[in-house]
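Just so you know, these numbers use all the heavy atoms, side chains as well, and skip hydrogens, waters and symmetry mates.
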Amino acid sequence: MGCIETILIGRDPRDAWLYTQRICGVCTTVHAIASVRAVEDALNLEIPLNAQLIRNLIVAAHGIHDHVVHFYHLSALDWVDVVSALSADPMATEKLAQSLSDWPNNNARHFAEVQARIKKLVESGQLGIFAHGYWGHKAMKLPPEANLMAVAHYLEAMDYQRKSNQITAILGSKTPHIQNLAVGGVANAINPDDQSALNMERLAYIKTLMDELEGFIRRVYLPDLIAIAALYADWLPYGAGVMNYLSVPDFPRDTKGTDFGMPGGYIPGADLAQFQPIKHFGDPFFEQNVKESIKHSWYKGDWTRSPYEGETDPDYTDFNEDAAYSWVKSPSFLNEPAQVGPLANVLAMVAAGHEGTIGYLNHALERVGALTGSVIPMTALHSTLGRHLARCVRTQVLYDMMVENYHALVANIASGDTTSFNPPSFPKGEIMGYGFHEAPRGVLSHWVVIENGKIKNYQAVVPSTWNAGPRNQNDARGPYEASLIDNPILEEDRPLEVLRTVHSFDPCLACAIHLHDNERSHIVSVKTF
């Protein structure tokens, strides 16, 4: 990220979004969106409605893809013992699965086929995609049938995350690294009758993919998450950490970015009654209260500044917990660390009275409660499992947003409006702006200073920086560090519980997540190819 921030200095602001997508190989689309919004904020530029709706469809599809991949392919195996599935009874697995959902593949024949595939992998001695898991760990407690059901859905999820990505590719020209954005709108030509433009045939195919996604989200992802939360209910007290929550509004419905489909704001100390909304792009409440500290980071100096004034000047030293020990900067809001991500987003939407979020959340908590025979309070969300549950709730809201924006786009095109771009014009002198986006991992913001049409300074404050940041200017722990305090560890040489909690944030900073042991032995080796 730091290299990209430095590379951008002196370049044309209209090109920044193409570079910033390369900050990450996973979160590509989100950096493009935040980047164009930053430059548009500096220019006070209105965006055609079609462009807003197309962007919204892209970020909804990208978000659904990201959440499905995170749960099934990046974190589910922290809870699911693949090898245990070999002792499952497919008929009993069918009974369990059908008690949760009427998904067509929840049948004994399908589960037996999946079990045979697992057996073949185990007997070969090469577990492939399931290698290096914590199989047989004392913290694994799902019954074999639940493990078999989860592995079957893991494999199905590969197909459904691909369908979501297809929507992004159709509208964005490719993925990762979409190609259709522009400062001022999108590059999509709109003509219902032209095969080389965004036409009704492509829009109809997008609708087909959307319909297929809904079934998997409602009838597989949600029931699986509810089952795991119920079977691991003893984990609900663990992993809270920082309970100041920050999110931003998204899915603009107008050309000025003042009306949003999903609200956002700040919640101090988990007190929803103290919710403070962030109302629009360029809102000074957000702009004036985001700061970054490098007190415990490997950069030159010791400062706490607005991102407009931020610098990326590396100064590596050895690990020193009293000084610098991370490449990550420490963001703060109102001078306090803040947790970002789907949990922050869901709590903000509840506080703002968002009906869809409240309905989905209450439904999920009631179903977990029914399976455990107890009432699950909303305070249980402040936990490792709570972050997973919130991510599933947000996925359902994202689907609703995708449907809403799809119909709005079709209706607007049908009205005769095919405008998708408002050309920018750069003034002489210095201007600055920031763009935010509620990305799958949480609040993402890009900050740009432009002088005479060229970038003078550029900084990105990304979700994993908020959550992974070391202690801040006041030595307060960041969300990752705080969330690990008092977590149980059943096997010291295999700290699965650490992974469970860190993975629940959906980290996207592999190079910045460390497990350090000053007194004992080396913990893990990472081999690169």
Side-chain angles (χ1 to χ4, degrees), residues 67 70-72 75-76 78-80 96-101 139-143 145-147 149-150 153 217-245 247 267 269-275 339 341-400 479 482-488 497 500-501 503-506:
H67 292 330
H70 171 257
F71 178 68
Y72 284 100
S75 65
D78 296 343
W79 310 88
V80 174
L96 169 65
Q98 291 190 357
S99 73
L100 297 168
S101 167
M140 292 287 196
K141 59 182 295 182
L142 293 185
E145 287 72 26
N147 285 318
M149 177 185 73
H153 293 163
I217 293 167
R218 315 273 199 218
R219 297 158 71 189
V220 181
Y221 182 10
L222 176 62
D224 282 354
L225 199 285
I226 287 168
I228 285 180
L231 290 166
Y232 281 101
D234 58 318
W235 256 80
L236 288 174
Y238 298 116
V242 172
M243 289 191 285
N244 303 318
Y245 295 103
S247 70
I267 300 171
D271 187 355
L272 272 63
Q274 298 300 313
F275 171 71
Q339 180 180 156
L343 177 55
N345 180 227
V346 165
L347 291 174
M349 290 196 290
V350 169
H354 189 268
E355 292 183 3
T357 302
I358 293 169
Y360 291 133
L361 179 58
N362 287 340
H363 172 71
L365 292 174
E366 287 168 5
R367 288 192 64 184
V368 175
L371 290 173
T372 59
S374 59
V375 175
I376 306 297
M378 189 174 293
T379 54
L381 292 173
H382 307 299
S383 65
T384 296
L385 281 171
R387 279 184 283 275
H388 283 293
L389 192 64
R391 186 171 278 103
C392 185
V393 168
R394 183 174 187 267
T395 304
Q396 295 184 84
V397 177
L398 283 175
Y399 180 80
D400 292 346
S483 69
L484 294 172
I485 303 300
D486 294 329
N487 272 16
E497 296 88 346
R500 283 179 173 174
T501 294
H503 282 171
S504 72
F505 288 93
D506 193 5

| message | If you take the centroid of each ring, where Trp contributes its six-membered ring, are Trp235 and Tyr238 closer together than 6.0 Å? | response | yes
| Side chain of Gln339, backbone of Val242: donor and acceptor closer than 3.5 Å? | yes
| field | Presence of salt bridge, Asp506 and Arg387, under 4.0 angstrom | value | no
| request: Supply the atom-to-atom distance His70 NE2 to Ser75 OG, rounded to the nearest 0.5 angstrom. | output: 4.0 Å
| message | Test your reading of the model: is there a side-chain donor-acceptor pair from Tyr245 to the backbone of Gly269, 3.5 Å cut-off? | response | no
| message | When you compare the side chain of Pro342 with that of His67, does any pair of heavy atoms fall below 4.5 Å? | response | yes
| Heavy-atom check, side chain of Leu225 versus side chain of Val368, under 4.5 Å | no
| remark: CD1 of Ile228 to CG of Leu371, rounded to nearest 0.5 Å, is 12.5 Å
| note | Across all chains, not counting sequence neighbours, the side-chain hydrogen bond (donor to acceptor under 3.5 Å, both in side chains) partners of Asn487 are Thr501
| query | Is there a side-chain contact between Arg391 and Leu343 (heavy atoms, below 4.5 Å)? | reply | no
| query | With sequence neighbours left out, what residues match Thr372 under side-chain hydrogen bond (donor to acceptor under 3.5 Å, both in side chains)? | reply | Ser374
| query | Excluding sequence neighbours, so at least two apart, what forms side-chain hydrogen bond (donor to acceptor under 3.5 Å, both in side chains) with His153? | reply | Asn106, Asp224
| said: Please check: side-chain N/O of Ser101 versus main-chain N/O of Arg219, any donor-acceptor pairing under 3.5 Å? | reply: yes
| task | Please round to the nearest 0.5 Å and tell me the distance separating atom CD of Gln396 and atom CG of Leu222. | result | 5.0 Å
| Side chain to side chain, Met140 and Asn147, heavy atoms closer than 4.5 Å | no
| Say you draw a straight line from CG of Leu236 to OG1 of Thr379; how long is it, rounded to the nearest 0.5 Å? | 9.5 Å
| message | Between Leu398 and Ile217, is there a side-chain heavy-atom distance shorter than 4.5 Å? | response | no
| query | Parallel, tilted or perpendicular: which describes the rings of Tyr232 and Trp79, with under 30° parallel and over 60° perpendicular? | reply | perpendicular
| field | His382 and Leu347: CA distance, side-chain angles, deciding distance, side-chain contact (heavy atoms from CB on, under 4.5 Å) verdict | value | CA-CA 10 Å; His382 307 299; Leu347 291 174; 3.8 Å; yes
| said: Tell me every residue that passes side-chain contact (heavy atoms from CB on, under 4.5 Å) with Glu366, counting only those two or more places apart in sequence or in another chain. | reply: Asn362
| task | With sequence neighbours excluded, tell me which residues meet side-chain hydrogen bond (donor to acceptor under 3.5 Å, both in side chains) with Tyr221. | result | none
| Nearest atoms (heavy-atom pairs only) where Leu361 meets Val393 | CA-CG2, 4.0 Å
| query | Rounded to the nearest 0.5 Å, what separation is found between the CG atom of Leu389 and the CG atom of Leu365? | reply | 6.0 Å
| query | For Leu100, does its backbone N or O pair with a side-chain atom of Arg367 as donor and acceptor, under 3.5 Å? | reply | yes
| task | Identify the heavy atoms of Pro143 and Leu231 that sit nearest to each other, and give their distance. | result | CD-CD1, 4.2 Å
| task | For Arg500 and Asp78, indicate whether the former's side chain and the latter's backbone hold a donor-acceptor pair under 3.5 Å. | result | yes
| query | Applying ring-ring contact (aromatic ring centres under 6.0 Å, His included), which residue pairs with at least one partner in residues 345-375 are found, sequence neighbours left out? | reply | none
| task | Decide if the gap between the ring center of Phe71 and the ring center of His503 is smaller than 6.0 angstrom. | result | no
| Should Phe505 and Pro479 count as side-chain neighbours, where that means a heavy-atom distance under 4.5 Å? | yes
| task | Nearest 0.5 Å please: distance from the CG atom of Asp400 over to the CD atom of Glu355. | result | 12.0 Å
